[in-house]
Every structure is written in C-alpha cells, then in structure tokens.
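For reference, the structure is listed below as structure tokens.
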Amino acid sequence: MREDILTVMWKESKGLLRYSSSRWKEIVTLLAPIALFGVIFPIQFRITWLTSGWSVAVSFITPLMLIASTIAESFAGERERHTLETLLASRLPDRAILFGKLFVSIIFGWGMTLFLLLVSLVVVNLMEWNGRFQIYQPDILWINLSASLLMSGMVASLGILISLRSPTVQSAAQTIMLMLFLPAMLLQAVVFLLPTFLPRETVRAFLDRMDLISITSVFLVLLLAITIGLFLGAIARFRRAILISL
Amino acid sequence: MAKNAICIENLTKEFDSVRALDGLALEVPAGMIFGFLGPNGAGKTTTIRLLLGLLEPSSGYAKVLGFDIRTQADRIRAQTGALLEHTGIYEQMTAEDNLDFYGRVFQMPTTERKARIQELLTHMDLWDRRKDRARNWSRGMKQKLAVARTLLHRPSLILMDEPTAGLDVQAAVAIREDLEALASREKVTIFLTTHNMADAEKLCHQVAVIREGRLVEIGSPDDLRARVGSPRLEITGRKFTDQSLKLLQTHPQVSSVRTQNSHLVIDLLPQTDVADLVSSLVSTGAQVEEVRRGIASLEEVFLTLTGAQDA
C-alpha cells in the first residue's frame, strides 16, 4: 500500500500546477501568496509579525488559497481529461489512489505555508536586525505549524470529496469555493449580530477571557474534527462504479 | 493459465430502466484474439467494464483469468492490460513518464521497467519522441502510446475497447499490425470490441456479435461468413441485358442480382448448380469472361446479424 500511495504521489507531483492554460498563471499562483504574505505583510508588521496573531491568519489562509485552486483537478480533472477510467482499471487499490492525491495536496499546501513563514521570518530579521536571529514565539510557532497542517488537511479532504463526484473541474471548483467561504461568511455574520442579541457586557467579558491561544485551540480542535469527518466521507464515497458512471 | 481466459454466464447489467447487457454467455479460450462486435449501444463497453470489475453486474456470473469479477476484481486488474474508450494518456506528462507511471503501478522493478519502456517505444517508433509531452501528439501517436502502456507489464489478458476508433487508415493499419505482431510475440489473449469489420476480419481468430445486449452469433470470421452469409457468384463479361437480369432474378436458386461496376453479383441459395446458371445466362446472349465463386464479407454478415439491413 505504501508503495502504491507513493506511486500516485509521484504522478500527482508531475501534474501539479501543469493543468492551467498558461505558465504565467502557474507562476502567479505560487508567487502571489509569497509576495503578499511572505514579504509585504512582514514589512508592514515588522517584529510584531513574530509575536502576534497576524502570521497565524496567514497559516489559515495560505493553504486555503493554494489547495482550493488546485484540488478540483484531483478527480474531476482526470474525469474531464478521460484518464480516470484507465487509472481505475489498473491494479491500484482505492485507498492508494485516494490517499496519494490527498497527501500531495496536503504536502503542497502545508509545505508552501511553511516556506512562506520561513521567508517572512527572514524578511522580518532583515528589517529588524539587532545582532541576533529572532524567531517566532513558541506558542505562535506551534499554532502556525498545526493550523497550516490542519487547514491543509481540511481543504484537501473537502476538495477531494467534492471532486470525486463532480463532472467537471469548473463545477468542482465552484462547489469547493462555496463550501469554504459560506461557513466563513456565516461565522462573520454571527460575530456581527451577536451584540444585538446578547448584552454588550456579556460579550466583552467572554472575549476578555479568551486569548489567542484559547481561541485558536478551540478552532483547531473543530478543524481536526471536520477534517476527520471529511476524510472518512471521501473514503466512503470512493466507489469505482459510481466514479465511472458519472 | 485457465483454459478459458474469459468465461461469462448469463451476465446482465441494468442501468435504471435500461438493460445494457441481457443474459450474455460466452467463453474466450486463452491465447486468442477475440473480437466482440456490435453496433453503438450494443453493450460492448459495458461488458469490458464488467470484466474489469469497474461495474457490478445486476445478475449473472463471469470469471476472468479464473477470478470472479464480483469478488476478485483487484486480481483481475493486476493481470490485465486495458485500453479503454479513451487513451487514458496524461497529456501534461512525457511519453516516457506515462509509461513509467504505469510501470510503477504494476510494480515492475526499475531496471526491467526501463528496458521494457525502451523496447515498446522503439517497437512503436516513439523512442525518439519519449521526452515530448503527449499533449502535442496526434491521435494515432497517443493511441500507439496507449497500446504500449497496455502491454507494458506483460499482462496475460488485454481488453481493448475500439482500439482503432477515430484513427485515419494508415494509423489504424499500423495499430492493427502492431497488435498482431505483439500478440503473437507476447502470447497473450486479446479481447477487443470493435465495429470496424476490417479489424475483426484481419485480426481476430474468433468473433462474437452482440446486439441490444444479447449474443447473436459466435465463431471464427470464416465460420460466420459460411453460416450466415449466402454463397455468391461474381461474373465479369459483356452484354448483360435486361433480359439476362430478368432471367437470373426469376431463377429459383437466385436470391438477388445486382450489377457492380462492369460485373454481375448474384447472391445464391446454398447448393446452387452454378454451371446451369451460367448456361442460362449465356443463352440470353451474354458474353462471360470470368466466373468467380465468393461468399459474403464479414461486414455483410454483421449487418445481417445486427439487423441494420432491416432499417
């Protein structure tokens, strides 16, 4: 099984970012987050980048941006380009195909986020050099590592789950975007509407008790539960007969 | 290997209210090239998908290489090469990477894999283009690459769905010749679906004709022609008048007469006395230069069996 997963990962890595219509689009997909979150933001925030929650926001957003733009290809792309049936007619076990595609996306999203955090660290040190190399605060570093990994896992699992049953890449991409941004918009609406239903003092007291670590930890646990659910859902939905007849 | 590479018994597949395959039963002996003929929508592709375990049958039973399609599909896929309706080539990858991927999928050791890729690409005249991305290739080249991929892991059985569909004449002939040479060299069983009668006639040791999901006939192309097609007479000559044609049309042993280019084509009933027929023709003043006995082509047999001539 391990060899089969690695084989699928090898193939996926050969095709990653090569489906877009132009080379420029590929380069922009990769360079845009690095330029924005790895260079411009750290220049803006300077040393607070290493001690505040700004880098944590980047750890959530970057995998979402990168994986959401590529994961629709995983199955819907194979279906659209008529390579899926041949792949399914090979000896590869279901889970090797599924995990191979999933792991490549997670490694891509997580790896790029870690690279970006490293670039931003170098940029902050160049801006704020005081004779020694400064690093992220330990709790911020831990949150960054786990948030980017879990976010990568969640977006990749959701993307795979949707792409499995989508007839085209476009429809997969649209559904993925909807599923990712709808909960975020709902959450935002709740945050805005909360003070109108609850006394202002109650809300303030609640927020005062919550620090970055607590809020993020709750969020990470929630993310872990969602990721596991989506992952199990993808395994359950992988049926060769249904994948072919779509 | 089992005596029969494929053994199908009463296999049925229904999609909602549509019965794509209706009680199909046939056996494909190991080591032969078997043609599965039928018009569009006859159930050919469904049969291949069922044999590979990509679809589950509604009822019935089939064994491929001795393995049950319901419970041992993974073992079937491990020992089978499949060239399906589409080539399945990854166009963003090079030709070499396409084969390398499937070599890894079928767990070929690196040295053997590299040597086999070189052997097949050389045989297919694609070795010099191995570093090209397949997206820039013609349909014929992609099809050749797909054939190479199908043979890569030396499968015991190859399932091919319309291997020459959409190809120009030269590419189709090249693929056919490659298949024939490779089949005899590699000693594999090839099960191919087609509605190209030239493929079936030149390539297949045995053919089965399917219509609306049911088996209509099975046998060698010669057997089918002899069984289903009527004997035929082709007469070259001059002065074939209306009187000559009328006489032939009313002859009790003649089923039809037509002129084709400058000769007469006469479809006969079995055991017709040809000498008597020719004498009658000559008596009308016709000058006969050559008389040739023939038999219906596989295409005509196919049209008869699939009912296309009724339409």
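Treat the numbers as computed from the prediction; the structure is a model and nothing was measured. Here is the naming used below: chain letters follow the sequence lines, and residue numbers restart at 1 for every chain.
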Subject >> Pair A:Phe75 and A:Phe238, ring centroids less than 6.0 Å apart >> reply: yes
Original post:
Salt bridge or not for A:Glu73 and A:Arg81, using N-O below 4.0 Å?
Top reply: yes
Original post:
B:Ile89 versus chain A, heavy atoms under 4.5 Å apart: side chain, backbone, both or neither?
Top reply: backbone
Original post:
So which of A:Thr83, A:Leu84, A:Leu6 has the largest heavy-atom pair count under 4.5 angstrom toward chain B?
Top reply: A:Thr83
**OP:** Select one option (side chain, backbone, both, neither) describing which atoms of B:Thr87 are under 4.5 Å from chain A's heavy atoms.
**Re:** backbone
Original post:
Side chain, backbone, both or neither: which part of B:Leu54 has a non-hydrogen atom closer than 4.5 Å to chain A?
Top reply: both
Subject >> Within 6.0 Å of CZ in B:Arg130, more than 12 heavy atoms from elsewhere >> reply: yes
**OP:** Tell me, yes or no, whether the heavy-atom count around A:Trp54 atom CH2, taken from other residues, nucleotides or ligands under 6.0 Å, exceeds 12.
**Re:** no
**OP:** Please determine, among B:Glu85, B:Arg149, B:Gln107, B:Arg75, the option with the most heavy-atom pairs under 4.5 Å with chain A.
**Re:** B:Gln107
Original post:
Heavy-atom distance under 4.5 Å to chain B: side chain of A:Glu3, backbone, both or neither?
Top reply: neither
**OP:** State whether A:Glu78 and A:Lys101 are salt-bridged, where the test is any N-O pair (Lys NZ or Arg NE/NH1/NH2 against Asp/Glu carboxylate O) under 4.0 Å.
**Re:** yes
